[in-house]
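Let me begin by presenting the structure, written as structure tokens, before commenting on it.
Just so you know, these numbers use all the heavy atoms, side chains as well, and skip hydrogens, waters and symmetry mates. In what follows, chains carry the letters A, B, and so on, assigned in the order in which the sequence lines appear, proteins first and then strands, with residues in each chain numbered from 1.
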There are 2 protein chains.
Amino acid sequence: MQHQNLLMIISNELDSLNKSERKVADAIMLDPEAATHSSIASLAIKASVSEPSVNRFCKRFNTAGFPDFKIKLAKSLVSGVRFVNQNVDSDDTVEHFTPKIFDSTINDLSLVRDTIDHGVVNEVVNRLIDAERIYFFGLGTSGAVARDAENKFFRFNLPVSFHDDVLMMRMLASTGRSSDVFFVISHTGRTKEVIEISEIAVDKGSTVIALTSPGSPLSSICSISLEVNVPENTDEYMAMTSRIAHLVILDVLATGFTLRQGPDFLSHLEKIKSSLKPTRLSKDK
Amino acid sequence: MQHQNLLMIISNELDSLNKSERKVADAIMLDPEAATHSSIASLAIKASVSEPSVNRFCKRFNTAGFPDFKIKLAKSLVSGVRFVNQNVDSDDTVEHFTPKIFDSTINDLSLVRDTIDHGVVNEVVNRLIDAERIYFFGLGTSGAVARDAENKFFRFNLPVSFHDDVLMMRMLASTGRSSDVFFVISHTGRTKEVIEISEIAVDKGSTVIALTSPGSPLSSICSISLEVNVPENTDEYMAMTSRIAHLVILDVLATGFTLRQGPDFLSHLEKIKSSLKPTRLSKDK
DNA sequence: TAATTCTTGTAATAAAACTACATTATCAGG
DNA sequence: CCTGATAATGTAGTTTTATTACAAGAATTA
């Protein structure tokens, strides 16, 4: 994690600084944003120290020099403002909370992007390609994700369905064949029904792929687990962003699927696309 | 547009640049991180232009000069948004296309964040609060979005339903009352059935809110239109990201709704949350 | 094709950052 | 409470970096 915030590091080590270093630190803390725009000379004056003291201060914090320090400081300001203090407040207006919600979603997506296991993704794509049938299972919010997945994978010339009814799921799981893939989506990975149904499918010899949180019960019992690391939501106003991450991962899987089929597969996709044309008003109307 | 990402601005204005400016842009885009660490001289060499050309490039993008440019560039790199000129190639492996898909989604989300009309969002929240009933309509992919919306708004102690069956939609629209809100989701805003149904609802005096693309037929006939600006997808391998933006906007609307209800409403949400507890395995298991 | 405007580079200047070294402060042991 | 050692800080000079003014060249238009 190279993303440790420089401003935090400085404030943590405040006590272990000597006099002039401390003066520099204070001057920066007073207005970090201004510090990123000032020269070493002006900051030295502001802190009442010499220029080399500022320079030494920078090097003390593992930066190449003052310019590099400013860049890292600037970066830490962005993450500080955007991600650390990004909870929705009860007196926020639309102008305030709208970017907060977008930013928090974006933040979670980039986290998932950086932590997802490519090996597992690859393996899941392989299993999907080998599948003779794919069932997408999900309840509640994950039901909407499963539905979206059905819509996406349906285009692939493959028997695909989604289910959000636990009785249907149970029946399908118990009559599953080894060539069937059950793709189970669950944010928590702790919903009892879903776990039980997945166990049944595994017992019957079907492939069960889970899209869920790391270390969950569901994750441990299925054939392959695509673990998605989205931080728990502490803010009651904030929405659940894991479902968005799940959707993007399904996009990734669909892309992997398409690529593996080779270029002639694209014409099939084009056919499906154009089948919808008559339902739409033309562009120039 | 206060926090439009510098890197995005550059990539948007790529076409309007002259030759040497373009060379500089390309050199930066190739490795923005490296650009933040290089001197004006080394970047000039990398771009095969003179140093003043680099300087002029910086000023063109409303920065004080090269150092200021580097700071702003560094900031734009942090926000989780990466520059994505990268379409999925047919010979991409999982390692390649996974971040591409995430980045392109993130990119689109930040575009929507910066272009969404807060006034309209506010007005939509008002209408939703005044509603006695809310119907979410959507077909295909937007059906999954509508389903997610139902799940979210259901928690608000309000008669809410989602529909993806055009006959049901038609019947509901024609029996709609003025206190009913029809929330119609459509990526294209050109699906004939959806437009017809919306027209019926408008004629009956109901409020019709559309979540769709700017300037579409649907947008022009409904009561209020939440226009979402997501660039058209030219890459056949790339997924449709508008639905993700739609989901986030529904999160925004739900948040606005919750905030407007005041703090005592949170206990109601807590009640719903805890009602699901018995369906889950406990954490320590 | 000549005049105009827009681009781009050269060279000089200014600004900023860094380094070596000198000075001053701090502190431990006598 | 000295005195020598060590650490902290500053001065001044050097190097690097960025900017500016201006001129040459390319593109454009009448």
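- Checked for salt-bridge contact, Asp68(B) and Lys72(B) meet the test: a charged N lies under 4.0 Å from a carboxylate O.
- The side chain of Asn18(A) has dT9(D) as its nearest neighbour among dG9(C), dA18(D), dT9(D).
- In this structure, Phe61(A) and Phe57(A) have tilted ring planes: the angle between them lies in the 30° to 60° band.
- Close to dT8(C), at under 4.0 Å from its OP1 or OP2, lies a side-chain N or O of Ser20(B).
- Rounded to a whole Å, the CZ atom of Arg60(A) is 13 Å from the C1' atom of dA7(D).
- Ring centroids of Phe156(A) and Phe257(A) are separated by less than 6.0 Å, placing the two rings close together.
- No hydrogens or angles considered: nothing links the side chains of Thr258(B) and Thr255(B) as a donor-acceptor pair under 3.5 Å.
- At dG9(C), one or more side-chain N or O atoms of Ser53(B) fall inside 4.0 Å of OP1 or OP2 (strictly under the cut-off).
- Other residues, nucleotides and ligands place no more than 12 heavy atoms under 6.0 Å from the NZ atom of Lys19(A).
- Regarding His37(A), its NE2 atom lies at a distance of 14 Å from the P atom of dA16(C), rounded to whole Å.
- Between Ile45(B) atom CD1 and dT17(D) atom C1' the separation is 13 Å, expressed in whole Å.
- In this structure, Ile40(B) atom CD1 and dT8(C) atom C1' are separated by 14 Å, rounded to whole Å.
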Annotated protein contacts, base or backbone, on nucleotides 19-24 of chain C with a non-hydrogen cut-off under 4.0 Å, one of B, S, - each: B-----

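- With rounding to whole Å, Leu17(A) atom CG is found 11 Å from dA8(D) atom P.
- The nearest whole Å value for the distance from the CZ atom in Phe66(A) to the C1' atom in dT17(D) is 14 Å.
- Contact check on Arg243(A) versus Asp251(B) returns a salt bridge, with a Lys/Arg side-chain nitrogen under 4.0 Å from an Asp/Glu carboxylate oxygen.
- Using a 4.0 Å heavy-atom cutoff across all strands shown, Lys70(B) reaches sugar-phosphate atoms only and no base atom.
- Lys75(A) and Glu33(B) are joined by a salt bridge, as a carboxylate oxygen and a charged side-chain nitrogen come within less than 4.0 angstrom of each other.
- Between the C1' atom of dT7(C) and the NZ atom of Lys23(B) lies a distance of 11 Å, rounded to the nearest Å.
- The residue Val49(A) sits close only to the backbone: its heavy atoms come under 4.0 Å of sugar-phosphate atoms, none of a base.
- Among the nucleotides dT9(D), dA27(D), dA18(D), the one closest to the side chain of Lys19(B) is dA27(D).
- The nucleotide whose nearest atom lies closest to any side-chain atom of Pro67(A) is, among dA18(D), dG10(D), dA17(C), dA17(C).
- Rounded to whole angstrom, the span from the CZ atom of Arg22(A) across to the P atom of dT9(D) amounts to 13 Å.
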